[in-house]
Structures are given as structure tokens and as C-alpha cells.
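Remember, it's 1-based here, ligands and their atoms both numbered in the order they're listed.
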Amino acid sequence: MIDIHSHILPGIDDGSKNVEMSLEMLSRISEQDIDTVFLTPHFYADMNDPESFLQKRREAFGTLVKGITDSGISCPRLLAGAELHYYRGIGRSEHITKFCMGNSRFVLIEPMFREWNPAFVDEIKEIGYNDDLKVIIAHIERYLDQDKALLRELINEPGIYIQSNAEFFIDRKTRRKALKMFEEGIIDFLGSDCHNMTSRAPNLEEAVNIITDKFGASCLRRIEENNALLLEEAMQGIK
Ligand SMILES: [Fe+2]
């Protein structure tokens, strides 16, 4: 299994505060059946410029790798990505390809939290017309009270993929809805969106177990195929 959404890189966003916390998070993940983790720190265009963000990400990645080496912990494969918060103009942004997951053409987009409108959905779709990028919508469960027609338009758009967080399945208040959306084939990717070891800990395996307990192991095929496609692209040129 792949965790495509995490905030494990130390000191770059509201996720892991330091290398020690990052190593604890990775140790927790290594106890689970997860072989690859995408490190996807938040990028907010109104707060960061792309180049300084990417430089900070490189430094945080280097710090983390040194921590892993020094501590000798076993660790899944780590690949860099980002979680881009929507901003006006993102559909035509020349910078967006710099935020892809590894060497892939997939980009993880965090939609806006205020009320959606047709222009917003058009712009998300427009990202996909930009150099054949493939959009992954982060934590879809946070947007289920948005306009139903716009939500459906986004979900049904070819080239747009839908990610949900493990917590959507784990939380008993939302589990039924999560499993229904999974059964309907709406969810393409899973992620923990882990930020720390307490309130938002690495918890992907727990969600996977809930899904397979309900539908059987073969129900993960769709997720695994998408993971394989993402990983194959992401690893291009990486030894
Ligand atoms: Fe996130």
C-alpha cells in the first residue's frame, strides 16, 4: 500500500515539528503494510513563493534522510510531493509542474474551503489541460457539503482523481458514508494525511483493514492499480 498524503517532513508546515517526530511517524508507518510514502507539505501561494518552498522542501528532506541514516530505523520508500492549496490562476500557473508527486504528472490539489462556484471547478479541470497533468483532489470528505452538481462534475471529470483520508473510514460517524463512496468507485487514492503522533497520526492501515473487512481484499484492486500507475510515473529516472 502507498500513503500518498502526509506531512512528515520536519519543520516545513503544520505537520511534524522536528526530525524526532518525523522518525516516530515513520516508525509507526513501518509497522504497517505500507511500502511507499509521499511527503506532501502544504503549499500556499499567498504565503510562499515556489522556489523558496522547493528549497525548504529539499532541505527538510535532507535533514530527514540524515535522521533516518543516523538512527538506523527501517523506513518505507519516501518520495517528495506537495499539497497545493487552490489559488486563483492555478489552472494556468507555469509553476505547477514543479509540485508534481515525484517525477509523475500527478499533482495533489487541496480545493478551497469556501463555497465552490463553476469558475473554481473549471479552473481545477483546466489544470488537467496543462501539460497533461493529472489532478488528485485531496480529502474529498471535507467538501461533501459543497454544491452537489459541482462536486459530481469534478468527480466525473476524466483525469481527475479523488483521494480520501483514512480518518473518513476510521471515524464511526463518517464510516458508513466513506464505505458507500468506496463501493461506488468514487475514491481513487487513500492517504493518512498524518501530521503528528497524536491527533493526526499515521493511520492508513487501520482504514485499509476496515475496507477489506467490509468488502474483502480484492476490493482494493482499483486503489492498487492507481497506486501502481502513480508509483511507476513517480519513480521514472529515480534509482
Ligand atoms: Fe494534508
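- Taking 4.5 Å as the limit, some side-chain heavy atom of Ile8 sits within range of a side-chain heavy atom of Cys194.
- Checked by atom type, the side-chain pair Asp49/Ser52 shows a donor-acceptor distance below 3.5 Å.
- Residue side and main chain included, Glu83 places an N/O/S atom under 2.8 Å of the Fe ion (ligand 1).
- Between His42 and Tyr44, the ring-plane angle classifies as parallel under the 30° and 60° cut-offs.
- When side chains are defined from C-beta on, Phe215 counts as touching Leu179, because their heavy atoms get closer than 4.5 Å.
- In summary, His42 places no N/O/S atom under 2.8 Å from the Fe ion (ligand 1), failing the contact criterion.
- Because the distance cut-off is set at 2.8 Å, His5 qualifies as a neighbour of the Fe ion (ligand 1) through one of its N, O or S atoms.
- Looking at Asp193, its N, O or S atom nearest to the Fe ion (ligand 1) turns out to be OD1.
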